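Scroll down for the structure; my scribbles are underneath it.
Not measured: the values here are computed from a predicted model. Within every chain, numbering begins at 1; the chains are lettered A, B, ... in the order of the sequence lines, protein sequences first and strands thereafter.
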2 protein chains.
Amino acid sequence: MKRQVLIYGLIGGLLITVLKWTEYRFLVIEHSIEIYGALVAALFAGLGIWLGQTLTRKKPAVILKEVPTAAAGPFAADEMRVSELGITARELEILGLIASGLSNREIAGRLFVSENTVKTHSSRLFDKLGAKRRTQAVQIGKTARLIP
Amino acid sequence: MKRQVLIYGLIGGLLITVLKWTEYRFLVIEHSIEIYGALVAALFAGLGIWLGQTLTRKKPAVILKEVPTAAAGPFAADEMRVSELGITARELEILGLIASGLSNREIAGRLFVSENTVKTHSSRLFDKLGAKRRTQAVQIGKTARLIP
DNA sequence: TGCAAAATCACCCAAAAGGGTGACGACAAC
DNA sequence: GTTGTCGTCACCCTTTTGGGTGATTTTGCA
């Protein structure tokens with residue numbers, strides 16, 4: 001912005017000089033008319049700039065660029081915390097299935113075991129996680145990086 | 001920048017020519033000063049607009065936006081899909097609370113509404129999401145980027 | 001101002017989930 | 001061979017969740 005003002009000032013000065021030069025060069029009548037013209041010119045040039053800036057102002061064209069932030073790689077459960085909490089492989093498996101939104105019956109069907117088995121597994125799982133609900137177990141499991 | 005100076009020179013020359021022309025043309029007419037001023041004003045207004053546009057033209061501002069493909073970042077719900085599914089703000093809020101592992105009663109307490117209200121909200125939410133269980137709703141909500 | 005959407009609440013009923021207890025077989029470790 | 005863990009299953013009971021219906025109040029927008 002500073003450079004603009006500078007350039008504009010220079011141009012204005014140059015302009016006045018030119019006008020004065022034309023005044024001396026082509027002086028026939030009143031020499032005030034050129035100065036008058038220069039003033040008007042400068043004024044309206046400023047106005048023009050302001051107008052051009054104001055009327056045609058468009059928001060900075062935002063170009064969105066996708067930057068993949070840590071594209072989740074193949075997940076691996078945090079072995080540390082798993083053994084820390086004493087969670088068995090079966091329980092972890094069931095936690096994953098719970099997180100994917102399956103009911104106990106669906107889990108039982110998928111693992112070819114009875115629904116009661118799933119319930120005991122999940123019961124012990126919740127106990128180890130300190131969860132009271134399956135949704136809470138999922139939340140805890142995610143923050144503890146037991147599941148993706 | 002060089003071309004600008006060139007163009008400016010040309011315009012200056014043209015201007016002088018025009019001025020001379022108008023000078024000769026309307027010299028005989030005594031009341032030409034207003035027309036002269038207006039002409040200069042209009043000309044410089046146009047020039048000002050052009051200048052303002054040219055000098056202050058910014059390159060298309062490319063703003064890199066981190067689009068977390070799979071992880072992290074201050075989360076913002078996918079407005080598109082939210083309105084697409086007809087999910088209201090309240091329902092989205094409750095989805096978030098469900099995802100954080102709260103029971104309906106706890107959600108009701110936190111939002112200062114009755115448990116029944118939470119149940120109707122979640123019921124309609126599951127309907128819109130096509131979920132049968134809250135865990136499934138959470139799973140769908142996460143993959144649809146409705147919740148973190 | 002008046003309508004439509006959203007938010008609120010109630011009641012009933014069925015299904016799912018969760019807690020507790022007990023039991024049994026397989027398998028590895030001591 | 002005893003012990004401990006793991007996976008499996010059953011039964012009972014309570015709590016939570018979900019479905020359906022209806023109604024009232026708030027609110028945003030035309």
Side-chain angles (χ1 to χ4, degrees), chain A residues 77-144 146-147, chain B residues 77-144 146-147:
Chain A
D78 192 333
E79 310 275 355
M80 200 78 76
R81 231 162 319 214
V82 168
S83 58
E84 210 167 81
L85 294 169
I87 296 176
T88 71
R90 201 58 156 171
E91 288 163 354
L92 192 61
E93 188 179 7
I94 284 181
L95 176 59
L97 293 173
I98 288 177
S100 71
L102 299 179
S103 70
N104 287 338
R105 187 163 304 172
E106 289 167 337
I107 295 174
R110 185 166 300 199
L111 297 183
F112 304 105
V113 295
S114 91
E115 194 179 334
N116 284 314
T117 302
V118 176
K119 286 172 73 174
T120 45
H121 279 315
S122 57
S123 214
R124 285 201 282 251
L125 176 67
F126 298 159
D127 220 42
K128 292 169 182 174
L129 288 178
K132 298 204 175 305
R133 283 163 289 284
R134 42 178 49 214
T135 48
Q136 197 180 359
V138 168
Q139 200 271 331
I140 294 174
K142 278 184 187 293
T143 59
L146 304 177
I147 46 177
Chain B
D78 191 332
E79 310 275 355
M80 198 78 77
R81 234 164 315 217
V82 168
S83 58
E84 207 167 84
L85 294 169
I87 295 176
T88 71
R90 200 58 155 170
E91 288 163 354
L92 193 61
E93 188 179 9
I94 284 181
L95 176 59
L97 293 174
I98 287 177
S100 72
L102 299 179
S103 71
N104 287 338
R105 185 163 304 172
E106 288 167 337
I107 294 174
R110 183 168 302 199
L111 297 183
F112 303 105
V113 296
S114 90
E115 195 179 335
N116 285 314
T117 303
V118 176
K119 286 173 71 175
T120 43
H121 279 316
S122 56
S123 214
R124 284 201 284 255
L125 176 67
F126 298 159
D127 221 41
K128 291 169 183 173
L129 288 179
K132 298 203 176 305
R133 281 165 291 284
R134 41 179 51 216
T135 47
Q136 197 180 359
V138 169
Q139 198 271 331
I140 294 174
K142 278 184 187 292
T143 60
L146 304 177
I147 45 177

Can we say B:Arg90 and B:Glu93 salt-bridge, meaning some charged N sits less than 4.0 Å from an Asp/Glu carboxylate O?
yes
Pairwise distance [atom1]([X]) to [atom2]([Y]) - rounded to 0.5 angstrom:
| X | Y | atom1 | atom2 | answer |
| --- | --- | --- | --- | --- |
| B:Leu146 | B:Leu92 | CG | CG | 6.5 Å |
| A:Arg133 | A:Ile98 | CZ | CD1 | 13.5 Å |
| A:Arg110 | A:Leu102 | CZ | CG | 5.0 Å |
| A:Met80 | A:Leu85 | CE | CG | 12.5 Å |
| A:Arg134 | A:Ile94 | CZ | CD1 | 9.5 Å |
| B:Leu95 | B:Lys142 | CG | NZ | 9.0 Å |

Heavy-atom pair of closest approach, residues [X] and [Y]:
| X | Y | value |
| --- | --- | --- |
| A:Glu106 | A:Gly101 | OE1-O, 4.3 Å |
| A:Ile147 | A:Ala99 | CD1-CB, 3.8 Å |
| B:Arg81 | B:Ala144 | NE-O, 3.3 Å |

Under 4.0 angstrom, heavy atoms only, what part of the nucleic acid is B:Ser114 near: base, sugar-phosphate, or nothing?
sugar-phosphate
Check DNA chain C against residues 125-139 of chain A and give the residues with a non-hydrogen atom under 4.0 Å, in numerical order.
A:Phe126, A:Lys132, A:Arg133, A:Arg134
Short of 4.0 Å, heavy atom to strand atom, which residues of residues 94-105 of chain A count as contacting DNA chain C?
A:Ser103, A:Asn104, A:Arg105
Which angle, rounded to 10°, do you find between the first-five-pair axis and the last-five-pair axis of the helix from C:dT1-D:dA30 to C:dC30-D:dG1?
50°
In this structure, how many angstroms lie between the [atom2] atom of [N] and the [atom1] atom of [X], rounded?
| X | N | atom1 | atom2 | value |
| --- | --- | --- | --- | --- |
| B:Arg90 | D:dT26 | CZ | P | 15 Å |
| A:Ile107 | D:dC9 | CD1 | P | 14 Å |
| A:Leu92 | D:dC6 | CG | P | 13 Å |

N/O to N/O distances under 3.5 Å, protein versus nucleotides 11-14 of chain D:
none

Determine whether A:Ile140 and A:Gln136 make a side-chain contact, defined as any pair of heavy atoms from C-beta on separated by less than 4.5 Å.
yes
Would you mind reporting whether A:Leu111 and A:Thr117 have side-chain heavy atoms less than 4.5 Å apart?
no
At less than 4.0 Å, is any side-chain N or O atom of A:Thr88 found next to OP1 or OP2 of D:dG7? Yes or no.
yes
What are the 5'-most and 3'-most nucleotides of DNA chain C lying under 4.0 Å from any heavy atom of chain A?
C:dA16 to C:dG19
Donor-acceptor pairs under 3.5 angstrom involving side-chain atoms of residues 123-132 of chain B: please list them, not counting sequence neighbours.
unit_1	atom_1	unit_2	atom_2	d
B:Lys128	NZ	B:Gly86	O	2.8
B:Lys128	NZ	B:Glu91	OE1	2.8
B:Lys128	NZ	B:Glu91	OE2	3.0

